[in-house]
Amino acid sequence: MALEDEGNNLRAEEMLLNVGPQHPSTHGVFRLVVKLDGEMIVESEPVIGYLHRGTEKLAEDLQYTQIIPYTDRLDYIGAMLNNYALCHTIETALDLEIPERAEYIRVIVMELNRIGSHLLAVGSYLLDLGAMSPFLYVFQERERIVQMLNQISGARLTYNYIRVGGVRLDAPPGWLDEVREFVPFMKEKVKMYDNLITGNEIFLARTKGIGVYDTETALAHSLSGINLRCTGFQWDLRRKRPYSVYDRLDFEIPVGKNGDCFDRYYLHLLEMEQSLRIIEQAVEQIPESGPVMGKVPKMIRVPKGEYYTGIEGTKGELGFYIVGDGKDKPYRMKIRRPSFVNLQLLPKLLKGENIANLIAILGAIDIVLGEVDA
Amino acid sequence: MSDEQQQSQSPEDQSNTVKPAAPAKPAAPAKPAAAAKPKKEAPPPDPRALEAKKTADLVKQDIVEKFGDSVVLDTEAALFTPMLRIDAKAWLKVIDYVRTHQNWMLNYLVLMAGTDYPDYIEVEVRIQSTHLGHMIGFKTRTDGRDNATLPSLVSIHPGVNWEEREIYDLLGVTFTGHPDLRRIMMWEGFQGHPLRKDYNPWD
Amino acid sequence: MFWYWDTHPLQWSSALAMIIGGVVVLFLSLGVVAYAIYGQRKFLGWIQGRIGPNRLGPFGLFQTIADIVKLLIKEDIVPDQADRLIFLLAPIIAYAPAFMVLAVIPFSAHHVFTANLGIGLLYYVALTAITIHGVMLGAWASNNKYALIGGMRSAAQMISYEIPLGMSLVGVILMAGSLNLNTIVSAQQHGWWFIVPQFLGFCIFVVASTAELNRTPFDLPEAESELVAGYHVEYSGFRMAFFMLTEYTYLFAMSGLVATLFLGGWSGPFLPGWLWFAIKVTAYILFQFWVQGTLPRMRQDQVMSFSWKVLLPLAMLNLVLTAVIKGFFM
């Protein structure tokens, strides 16, 4: 080991550590080059692009309805919300009317998907920290959610269900009753996770006071979603720029207090509770029957101009920016991806940190590589 | 499937349908209650679009007061969002000015997107004000497509760091003043800019 | 009963009998290790709501054997720049002490393979310290800076927790009046098992032994494979199996020690001694698996400060209390 130089003095050089593309945590193909000085991180640099599939370029060659399956693969854990974000932009551009039953079904499936995504975030965060059991417990609840979504859309992960003007198919008979029964079941499970994890001393020691930032930093870095709300700032697009039928539903926006990793974890649990409230109300308010697809032109042509709408995705503000030119294919489609923007703060958060906290901070930012790379 | 079914009998009967909510409203008056749905002939301009154009003009006024007339090249309403086109040389100054201007307080940058046009590359930015609640868009064009450069916004909105890198990587716009302008999606040493319309992968 | 040198001088037949005895204990410990690994996978699976291995053999009982055979037939890779001799010796240096301590642990009332060592407990603690050398040498000889860091951390943790471990045992020694493990077992047959008067010592011992074994929640040196790398990153095939064998044999030895010191060893009503011993050892091993399936990992700096600032003072408090109570009230 050449730790001594010619003068026989101990050389304490900085070590370059590669947290390689194959990552044991379930975040995906993501590389983090870390410069270490002993135990302290001096500098770090995320390297992304391993999962870049050129969705934006492909979209320039596809008709609008053909793009919807591609959007499933962005944040593949919350695919319904990606579908909805694209359809919402197109519907706003064309000023379409959506039938009420379709809107309520959309809200129900989106919130179910949000619960599934938060469950996975909690489970994989704990797996990173060393507790391997909650990761397997979340899959049991996710299995119920995924089966319900399978019944209504035909797929378990990439749904391609929400279409321009409504949804693809109406809910099969009995589906709404299943959703109605799911809500109290899941409420109990959220309490179970709270009991199991939140008070654990080791978990608290590893997450409290780690990776703290304040609202000013968060807003300057364009953070959104849980990463912004953990600092105590109330900003949820379902309230600030209401879309769909959220303005008829009564729910709260939980915010954190300290802006640390523990708050980010805890907000996942609280948001699951609120999503369950939303589903409960939506199942009560949904019209008994009705069409699920509005009046949509046979060939969707977005008129000339630029259109952007953002929705509250599972990880933050998910938005589609479409430059239309009157043809049936977009001239340019840009996807505003929350994980991409949220990940920019990582080098700043890691500076000066102990290397053991790297996993805790990276897990709390909660990225999905499909979304980071598009 | 039911994509031919008429939802409302008349444009004014809103009981059975839900209009998609409009994006952010300007700071001035409240959302109009039920905008008339245009049907067949040349529809009257949507009042929301008119509001947006008015707001854009107000912003233009404030900017022109400070920086002079040549800075704002155009104002329009991109589907109910006020949109201003700024000269490329004043890009950084204008965005900084509206960030702290008391009427606008545009502090939360939501979107940065680049689009490739035949003669220029256009970069659009949409900024939200978390205090006042409105969202305003700004766009700028580069001078041609070879050696396209723009000032970088990283010094005032650190959150666009990677967005600018992405635009540099995929569209070829160099941002002067960017602390770390490297390719982000493609690997180092990649030639070409994939998102351009004339990009040929077989080169 | 015991073999005393003054009545039975060493002859070829006695030497042969001892060698056979050693081989029998070796196979016994290998069997325990194999089924501890199987038990861990099954038990953790049940905690996590899934079935463990169940394909190979009835209820998956042959799973470990298949894994061992797989490890045996792998290619033997030694890194080019590694220090070859030490690289090959390190697993042996790690394993041998973990196996040697089994000689003093009394498995049953008839002491067939147990040495009646007057300083049994001291022998145990001294030998387990040598395992740490194996870890450090393996880390150094791998010529891999990540293995080195992981190995150093593991060694630091094991050394730090040796001290509370040793101190928590002193209370038991005071109560039994001897270092001989057989005497300690017989001392427990007349009164309470030492877990009752020495409850604080027992808790300290459980925590310290979990850290010694590099098990969750103290397994950052091993799970460091996520981030840096554990000390056995360059080892593959059979040598890796050696390190795994060390870990589980050490687990068996630690469980045997807990059973002997705190739970009364082989004593118990109705059932034969070895069966009671087996039950107590199994209970402790399952307890370790239960903790592994439940708790997250502690951070390395928290682990160190916990040992020196919390466990060591508690162990010394236990020592003082035991001495005072024994001195003045008994």
Side-chain angles (χ1 to χ4, degrees), chain A residues 48-49 52 54 56-57 60 88 91-93 95-100 103 165-166 168-169 217 219-224 233 235 240-247 287 290-296 298 305-310 317 319 321 323 331-332 334 336 340-341 343-345 348 373-374, chain B residues 1-8 14 16-25 35 37-38 46 76 78-81 83 107-117 122 124 126 128 130 133 135 137 139 156-163 166 169-170 180 183-187 194-195 197 199:
Chain A
I48 62 173
H52 180 64
E56 297 176 1
K57 179 95 181 168
E60 292 174 8
H88 187 229
E91 286 156 11
T92 316
D95 207 11
L96 295 176
E97 285 178 22
I98 321 290
E100 243 188 50
E103 286 284 22
R168 172 84 180 89
L169 295 164
T217 320
L219 286 176
H221 285 267
S222 305
L223 300 186
S224 51
F233 190 66
W235 186 264
K240 296 293 177 184
R241 289 190 227 141
Y243 52 92
S244 188
V245 289
Y246 282 105
D247 41 4
V292 290
M293 181 64 90
K295 185 162 188 286
V296 177
K298 279 234 178 59
E306 296 115 12
Y307 310 94
Y308 172 75
T309 57
E317 174 167 348
Y321 169 77
V323 176
Y331 185 77
R332 164 87 168 109
K334 152 101 184 148
R336 195 266 184 209
F340 182 69
V341 179
L343 195 55
Q344 289 178 73
L345 195 55
K348 262 216 182 76
D373 285 341
Chain B
M1 277 284 82
S2 53
D3 49 0
E4 296 303 319
Q5 266 194 16
Q6 194 73 356
Q7 268 325 103
S8 53
Q14 301 293 322
N16 231 11
T17 65
V18 173
K19 290 193 75 67
K25 304 308 295 163
K37 270 193 44 99
D46 198 319
E76 57 190 7
L79 197 68
F80 321 145
T81 305
M83 180 73 66
N107 62 338
Y108 183 47
L109 195 145
V110 168
L111 171 79
M112 179 181 235
T115 314
D116 187 25
Y117 286 104
E122 187 172 82
E124 177 173 328
R126 296 209 181 192
Q128 169 100 30
T130 53
M135 179 149 83
K139 53 180 167 177
I156 50 175
H157 286 287
V160 295
N161 193 325
W162 281 15
E163 300 271 16
E166 194 186 15
D169 184 9
L170 300 177
D180 184 23
R183 286 185 177 270
I184 188 169
M185 295 290 178
M186 297 291 128
W187 58 93
L195 213 49
K197 297 286 179 185
Y199 171 72

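We name chains A, B, ... by the order of the sequence lines, and we start the count at 1 in each one.
Options B/K139, B/R183, B/E166 differ in how many heavy-atom pairs under 4.5 Å they form with chain A, and the most are formed by B/E166. By number of non-hydrogen pairs under 4.5 angstrom with chain B, the leading residue of A/H221, A/Q344, A/H52, A/K57 is A/Q344. Counting heavy-atom pairs under 4.5 Å between each of A/V341, A/V323, A/L343, A/T217 and chain B puts A/L343 at the top. For the options B/W187, B/W162, B/Y117, heavy-atom pairs under 4.5 Å to chain A are most numerous at B/W162.
At least one donor-acceptor pair under 3.5 Å links the side chain of B/N107 to the backbone N or O of B/T130. Of the possible donor and acceptor atoms, none in the side chain of A/S222 sits under 3.5 Å from a partner among the backbone N and O of B/G159. Proximity of a side-chain donor or acceptor of A/R336 to a complementary backbone N or O of B/V110 within less than 3.5 Å is detected.
Looking at A/E317, only its side chain comes within 4.5 Å of chain B, counting heavy atoms on both sides. The part of B/M112 that comes within reach of chain A is its backbone (N, CA, C, O), which places non-hydrogen atoms under 4.5 angstrom from that chain. With a 4.5 angstrom heavy-atom cutoff, B/D116 touches chain A only via backbone atoms. Using a 4.5 Å cut-off between heavy atoms, B/I156 does not touch chain A at all. Neither the backbone nor the side chain of A/Y246 has a heavy atom closer than 4.5 Å to any heavy atom of chain B.
Under the salt bridge (Lys or Arg N to Asp or Glu O under 4.0 Å) criterion, B/E163 pairs with A/K334, not counting sequence neighbours.
Note on A/R332 versus B/E124: no salt bridge recorded, every NZ/NE/NH1/NH2 to OD/OE distance being 4.0 Å or above.
Taking the side chain as every heavy atom from C-beta outward, A/W235 and B/Q128 approach each other to under 4.5 Å. Residues A/T92 and A/Y307 fail the side-chain proximity criterion, which asks for heavy atoms closer than 4.5 Å.
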